[in-house]
Every structure is written in C-alpha cells, then in structure tokens.
Amino acid sequence: MAREAVAWPPEETLSLWKREQARLKALVVDRDTEAWQRDAAFSGLQRVGGVDVSFVKGDSVSACASLVVLSYPELEVVYEDCCMVSLTAPYMSGFLAFREVPFLEDAVQRLREKEPRLVPQVLLVDGNGVLHHRGFGVACHLGVLTDLPCIGVAKKLLQVDGLENNAQHKEKIRLLRAGGDSFPLIGGSGTVLGMALRSHDHSSKPLYISVGHKISLEAAVRLTRGCCKFRIPEPVRQADIRSRDYIRRTLGVPGPPAPGQERSQKVQKPKMCPQEGSEEPEGEGRPPEGHS
DNA sequence: GCGACAG
DNA sequence: ATCTTGTCGC
C-alpha cells in the first residue's frame with residue numbers, strides 16, 4: 001500500500017531539531033582516536049561498515065534501511081542487514097538525520113546484539129558530516145549516537161557557508177587528474193569543512209568527504225580512497241545495492257510478467273523492523289472484528 | 001519573490 | 001531519493 005508524504009514538521013519541531021543538533025555537535029570528535037587511523041597501511045583495520053536507505057518508488061514513506069560490513073582490505077561483504085521501515089519525517093536539507101538515523105541506529109544495535117564480533121571499526125555514511133548548515137550532518141549524528149567512527153560521503157556539494165558549485169569550483173574539479181587527487185573545501189570562516197576527492201581514475205565526478213565522528217579528515221579521505229573499486233566506496237555501494245535489491249525481492253517487480261517469463265517471482269515477506277511509536281495500545285488486545 | 005535543496 | 005535504455009568512449 002503506497003502511502004503519501006509524511007506531514008511537514010511545524011516550525012516548533014524544526015527549532016527542537018536545531019537545538020538537538022547544537023547539543024550533540026558539542027560531542028563530535030574530529031580527530032583520530034584509533035591506532036589504525038594513523039597507520040600508513042591502516043594496519044589493524046579489519047571491518048568497514050556502510051549504511052544506506054533506499055525508497056520504494058511512488059511511496060514517500062516505505063523504505064529499506066541497510067547496514068553492511070566489509071572486510072578490509074579485501075572489501076568482501078561479511079554481514080548484511082536489510083529491513084523495511086516506515087519513515088516518519090520528510091526529507092529536508094539540513095535535517096536528513098531525523099529521517100534516517102533512527103533506523104540506522106537500530107541496525108547497529110541489532111548487529112551489536114547478534115554478531116558483536118562483526119561490529120565495524122568505522123562507518124561510511126551516505127551524506128555529510130561537519131560539512132553542513134550547522135556543522136552537524138547525518139554522519140556526525142550517527143557517529144555520536146553510536147559512538148562509532150563515521151565518515152560523511154556525499155555525491156553532491158552541499159552549498160553552505162560560502163561553498164558554491166560555481167565555475168571556479170568546477171575548474172578545481174577539472175584539475176583532479178588521478179584517483180586520490182583532492183582539494184580542500186574551505187568555508188567562509190576559513191575552516192576546512194571537507195575535501196573534494198577524485199575517488200577513482202575513471203571517474204571525473206568527485207566525492208565530498210567530511211568528518212563525521214572520531215576520525216581526522218585526512219584519514220577519512222585516505223580510507224575512502226582505499227575503499228573504492230568504483231566511484232562510490234564499496235561499503236556504501238553495497239549497502240545501496242542490497243537495500244534496493246531487498247525492495248525488489250520484497251515488493252516484486254510491478255506489472256504483469258512478460259510472455260515466456262511467467263516463472264513467478266518468489267516474493268519474500270518483508271522483514272519489518274520494530275519501530276517506536278507504532279506499537280499497538282498496551283493492555284487489552286485488539287477487539288475482535290465486529291459485524292458493523 | 002527568488003533561488004537553493006546531502007538523501 | 002526516483003523516473004530509465006541504449007549508447008558513446010576507453
């Protein structure tokens with residue numbers, strides 16, 4: 001059942017969200033806290049995680065949240081968790097975390113309970129870290145709430161604090177010639193907010209890397225580069241692929257099967273994740289269906 | 001009113 | 001985010 005857009009938050013909610021961002025921002029650690037982060041070969045790093053949320057087309061509420069863990073440096077998937085969720089907040093630039101983080105946090109919690117040995121040593125997050133309207137993007141948010149090192153990996157430049165995707169910026173991109181080339185993104189106050197990174201020799205469109213939590217920008221860029229078989233770093237790419245795949249297997253392919261291809265798809269029963277605020281009323285069970 | 005707008 | 005097949009280039 002396709003559901004329509006979630007209600008747009010009232011101004012009061014936005015104020016609360018901003019205050020929450022300001023409160024949690026004070027807890028961000030924007031430097032290396034782990035030994036492997038300072039090692040030239042990331043010696044000691046064995047597990048890198050990636051998270052993503054994919055959406056059901058034509059439905060602005062149903063989505064699949066996924067968490068994957070890859071071995072490092074092999075980049076092979078050693079853990080996967082996908083589950084369907086019902087989003088409660090709309091997408092608003094600057095408040096992405098309030099839409100996605102609760103479900104990603106749940107996924108991390110399930111991993112900690114089920115397979116504590118597979119908990120990743122760092123998470124790559126689709127979106128920005130400190131490169132954000134108020135210096136506290138989704139990668140910071142997830143990092144602080146899980147206490148895991150997190151890296152913000154955005155596919156487009158968020159134009160905040162004087163950063164602009166203008167001709168000058170495009171020219172700097174043109175000068176990135178090989179995978180690993182990068183240039184700093186400097187905000188109006190002179191602060192380095194992140195780095196534009198050419199993640200692969202064969203991809204001219206850069207990634208925008210910023211600190212999420214418990215890692216330096218330098219290590220974040222170097223590790224992201226070390227996770228790229230293609231433009232999108234493997235942990236995020238696998239989380240994206242698998243969450244979209246899960247939606248297909250769960251909802252099936254729309255439309256009648258083509259002739260000669262009527263091999264019916266096994267449509268799995270979607271795994272719905274337990275969600276706050278959607279419990280049945282406690283106490284008496286639901287009354288039996290009446291005859292009205 | 002106009003432009004911007006991570007995912 | 002998603003809508004979407006083939007196609008041009010290395």
Side-chain angles (χ1 to χ4, degrees), chain A residues 2-6 8-9 14 17-18 21 50-67 82 84-105 107 123-143 150-166 169 177-179 185 187-188 193-197 200-212 220 224 230-233 235-237 239-248 251 253-255 258:
Chain A
R3 282 163 292 180
E4 275 314 314
V6 263
W8 217 79
L14 294 184
W17 284 356
K18 288 180 189 173
Q21 289 177 329
V51 291
D52 190 40
V53 177
S54 291
F55 300 82
V56 176
K57 72 172 177 181
D59 183 327
S60 59
V61 172
S62 303
C64 174
S66 74
L67 163 64
C82 290
M84 297 303 296
V85 298
S86 296
L87 303 174
T88 59
Y91 169 71
M92 302 172 60
S93 181
F95 300 97
L96 176 62
F98 294 94
R99 180 169 165 85
E100 300 191 346
V101 154
F103 308 107
L104 303 178
E105 200 185 351
L123 270 180
L124 271 56
V125 182
D126 220 329
N128 293 291
V130 301
L131 172 41
H132 178 266
H133 304 65
R134 289 164 295 279
F136 193 74
V138 62
C140 299
H141 207 128
L142 185 61
C150 282
I151 299 172
V153 181
K155 298 181 285 295
K156 296 189 298 197
L157 176 65
L158 183 57
Q159 304 187 135
V160 294
D161 197 17
L163 296 176
E164 270 190 297
N165 185 18
N166 54 20
H169 180 80
R177 283 318 173 133
L185 303 164
L193 299 176
M195 297 281 276
L197 168 71
H200 200 280
D201 285 343
H202 303 298
S203 158
S204 56
K205 187 172 178 176
L207 296 176
Y208 297 95
I209 308 302
S210 57
V211 169
T224 300
F230 304 100
R231 175 179 176 244
I232 306 297
V236 172
R237 185 169 164 268
D240 178 67
I241 289 173
R242 286 156 193 264
S243 60
R244 299 166 70 139
D245 217 43
Y246 191 81
I247 288 175
R248 275 196 341 183
L251 303 182
V253 202

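This one's a predicted model, so the numbers in the text were calculated from it and none came from an experiment. Just so you know, these numbers use all the heavy atoms, side chains as well, and skip hydrogens, waters and symmetry mates. A, B, ... follow the sequence lines: proteins, then strands. Residue 1 opens every chain.
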### Message
I'd like to know if A:Arg248 pairs up with A:Asp245 as an ion pair, taking the criterion as any Lys NZ or Arg NE/NH1/NH2 lying under 4.0 Å from an Asp or Glu carboxylate oxygen.
### Response
yes
To the nearest angstrom, the CZ-P distance between A:Phe95 and B:dA6 comes to 13 Å
Testing B:dG7, C:dC3, B:dA4 for proximity to the side chain of A:Ala154, the answer is B:dG7
**Message:** Any base atoms under 4.0 Å from A:Phe98, or only sugar-phosphate, or nothing? Heavy atoms, all strands.
**Reply:** nothing
### Message
Does A:His132 reach a base, just sugar-phosphate, or nothing at all? Heavy atoms under 4.0 Å.
### Response
base
Rounded to whole Å, CG of A:Leu87 lies from C1' of C:dT2 at a distance of 14 Å
Between CG of A:Asp59 and C1' of C:dT2 the distance, given in whole Å, is 12 Å
So, does A:Lys155 get its side chain near the phosphate of B:dA6, meaning an N or O under 4.0 Å from OP1 or OP2? no
- N/O (side chain, A:Tyr91) to phosphate O (OP1/OP2, B:dA6) under 4.0 Å: yes
For nucleotides B:dC5 and C:dT2, find the distance between their C1' atoms and express it as a whole number of Å.
16 Å
A:Arg244 CZ to B:dG7 P, in whole Å, measures 13 Å
Tested for ring pair (Phe, Tyr, Trp, His ring centres under 6.0 Å) against A:Phe98, the lone hit among A:Phe136, A:Phe103, A:Trp17 is A:Trp17
From NE2 of A:His141 across to P of B:dA6 the rounded distance in Å is 18 Å
Counting the atoms with a prime plus P, OP1 and OP2 as sugar-phosphate, which does A:Gly152 contact under 4.0 Å by heavy atoms, base, sugar-phosphate, or nothing?
nothing
Next on the checklist: OP1 or OP2 of B:dA6 versus the side-chain N and O atoms of A:Arg99: is any pair under 4.0 Å?
Outcome noted: no
Between CG of A:Leu193 and P of B:dA6 the distance, given in whole Å, is 16 Å
To the nearest angstrom, the CG-P distance between A:Leu96 and C:dA1 comes to 11 Å
Q | Donor-acceptor pair, side chain of A:Ser66 and main chain of A:Cys82, under 3.5 angstrom | A | no
Looking only at B:dA6, C:dC3, B:dG7, the nucleotide nearest the A:Asp126 side chain is B:dG7
### Message
Any base atoms under 4.0 Å from A:Val138, or only sugar-phosphate, or nothing? Heavy atoms, all strands.
### Response
base
Q) Salt bridge or not for A:Lys155 and A:Asp126, using N-O below 4.0 Å? A) yes
Q: Under 4.0 Å between any heavy atoms, over every strand shown, what does A:Asn128 touch: base, sugar-phosphate, or nothing? Just pick one.
A: base
message = Main chain of A:Lys205, side chain of A:Arg231: is a donor-acceptor contact present, judged purely on distance under 3.5 Å?
response = yes
Rounded to whole Å, the CG-P distance (A:Leu158 to B:dG7) equals 9 Å
